[in-house]
Amino acid sequence: MPTSPLHLNSLPPASDSRIVSASSLRLSLPQPARRFFRHGWQSWSLAAWTDPIVLPVQRPKLLHPMQVDPVHADERSPHSSWVAAVELAETDILLLGALGLDAHIKLNGDQLQGQYDAGEGEWLLARGDETFVFARYTDELGRRFGKKPERPAPRVWCSWYSLYTAIDEATLHCAFDSLGDLPFDVLQVDDGWQISIGDWEANTKFPSGMRALAERIKATGRTAGLWLAPLIAAESSQLFREHRDWFLRDVKGKFVSAGFNWGERLFALDTTHPAGLEWLATLMKQVRLWGFDYLKLDFLYAGALPGKRRVDMPREAAYRQGLKVLREAMGLDAFFLTCGAPIIPSLGLCDALRVGPDVSGKWEDPRDAVMLYNFTTPGTRNAIRTTVNRLWLQPLVMTDPDVVYFVERENSLSSEQKQLLQDLAHVCRFKATSDLPQWMTPAQRESLRRFLDCTAKVQRLDRSRFQIDDHVVDFAPALSLPTPATGLARIQAALVSWLGNQLLAFKILKRIDDLALQRRKKGLRNEE
Ligand code: 9PG
């Protein structure tokens, strides 16, 4: 039964806050918002300070389930998941933040409107400067979900951003060997080792098996890391074909889309299904038995998609139940990085959280940014923008900003742009790269070593600037949003976005990607 909203007409005074309980809440602003802080639902979704306007709906729609909260993708007011803030004056920020799992916020004219989907929940209302209001929010979240233990993040080499799915036993062995004594704590094998998304066994490119691969990493004195996406399955996977009843459907009985990737439709595991949960636990134990102690679990949003579950409960609660099972089965002694994960529902159950979309060797893709208005796709500007706007999460979880680059190969970032990524890693206190040692010059190798060895002193100066040891970095070039296309470009954009929604066009794009990968692989082989 929807209850009538709680109207709040008086705001807390400066540097003060209060907590109220309501399923629905309306807050009248004393003056129009100058800027609006919107917070995307999962790791890859946009978080940014913007003008208080509705942003064009990002395209393609086919990817909404894997890029934004699909339930609120078409909102007609400025919209935010769990927490929003408005800037009334330069140091007068008003933050409305949910302390529960299933809440979202809209800015409707001069009202901030908060809504819990499934009954009453707590809200924090804080007013003051930006540092104060976000610190109050993390304080209250910390009390409910737990705070981050004080231990440094491991320094990670990950296979994705140089090799993508073109990994195999020989290529990885060669990379591991050439890393020599570079101070990495973890060597993490990313996407490309598995038979299929859903079928988490070594494929034919790894004839010696996963246990041998973990052994090989451990023999270098480092922790073995592995990527999996346990809450999704590709349509062609054996898992989906043999256990259709484990997968999430809508009220009409149709399978809920978990997006489209690897040239295939993806479906979501129902994390309230007892047999599905058991399978998840067995998988985690298996991976630990192979010898992997650092787990990057990806595409986790699938556990919180809307649908009709075996056990009826709010979607975020279902997700959290799935995450608990994963965590308990892998053990507290494993390092658990969540990725593509709904933000607030992941707190307290993982060690680290990816807090932005993927970086890439490109600054920005104009097609995605200007035509599709999509800030979720891989690109260094997108990654920096969202990560900087999620730094307030630092007291709660290790914030993973994704990898940095030192190499020139397959990379069009300027040295300033690469430096921004390295500075962001210092700010996040989370350092990773995918650079292949064979692609590095001796000077780049030395820069990487210095980067890994250094614990920088970091101080935030304002929304975009940080003091890092003896230099000041300004992330401003990454933070703004490009203006949407107008005139002819708008028509072009409409055409591109229509094309982007067609499965066939998607499959062609995937084929082009595959060909690029094959070329990359060939290049690597020739160098061996
Ligand atoms: C492996 C990769 C890497 C990477 C992850 C994730 O929105 N998208 O279409 C989208 C697809 C893939 C993706 C992110 C977004 O990358 O973040 O580090 O592990 O999977 O496939």
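Numbering starts at 1 and runs along the sequence shown. Whatever order the structure lists ligands and atoms in, that order sets their numbers, starting from 1.
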Pairing donors with acceptors under 3.5 angstrom, does anything connect the side chains of T399 and R390?
no
Are the ring centres of W262 and F299 closer than 6.0 Å?
yes
Can you figure out which of D400, T165, D358 has its heavy atom closest to atom 17 (O) of ligand 1?
D358
For K296, the ligand 1 atoms with a heavy-atom partner under 4.0 Å come out as 3 (C), 4 (C), 18 (O), 19 (O)
shortest atom 5 (C) of ligand 1-to-protein heavy-atom contact is with D298 OD2, 3.0 Å
Should you measure from each heavy atom of R354, which atoms of ligand 1 turn up under 4.0 Å away?
17 (O), 18 (O)
Under 4.0 angstrom from ligand 1, any heavy atom of C339?
yes
Below 3.5 angstrom, do we get any N/O pair linking Y161 and ligand 1?
yes
Suppose we measure from atom 10 (C) of ligand 1 to each protein heavy atom; which comes out shortest, and what is that distance?
M66 CE, 3.9 Å
Salt-bridge test for D351 and R327: reply yes if a basic N is under 4.0 Å from a carboxylate O, no otherwise.
yes
Quick test of your reading of the model: are D293 and R288 salt-bridged, counting only N-O distances below 4.0 Å?
yes
Please list the nearest protein heavy atom to atom 19 (O) of ligand 1 with its residue and the distance rounded to 0.1 Å.
D190 OD1, 2.7 Å
For L349 and F336, work out which heavy atoms get closest and say how close.
O-CD2, 3.3 Å
Does ligand 1 have any atom sitting under 4.0 Å from a heavy atom of N261?
yes
Using heavy-atom distances, let me know which of F260, W44, Y164 sits nearest atom 14 (C) of ligand 1.
W44
Residue, atom name and distance, where the atom is the protein heavy atom closest to atom 12 (C) of ligand 1:
F299 CZ, 3.7 Å
Measure the distances from the heavy atoms of W262 to every atom of ligand 1 and state whether one is below 4.0 angstrom.
yes
The closest protein heavy-atom partner of atom 21 (O) of ligand 1 is D191 OD2, 2.7 Å
Identity and separation of the nearest protein heavy atom to atom 7 (O) of ligand 1
Q67 NE2, 3.0 Å
Test of ring centre spacing under 6.0 Å for F255 and F267
yes
Regarding Y161 and T433, do their side chains bring together a donor and an acceptor under 3.5 Å, going by distance alone?
no
Using the ring centroid of each side chain, check whether F451 and H426 are separated by less than 6.0 Å.
yes
Does either side chain, that of R381 or that of S480, offer a donor lying less than 3.5 Å from an acceptor on the other one?
yes
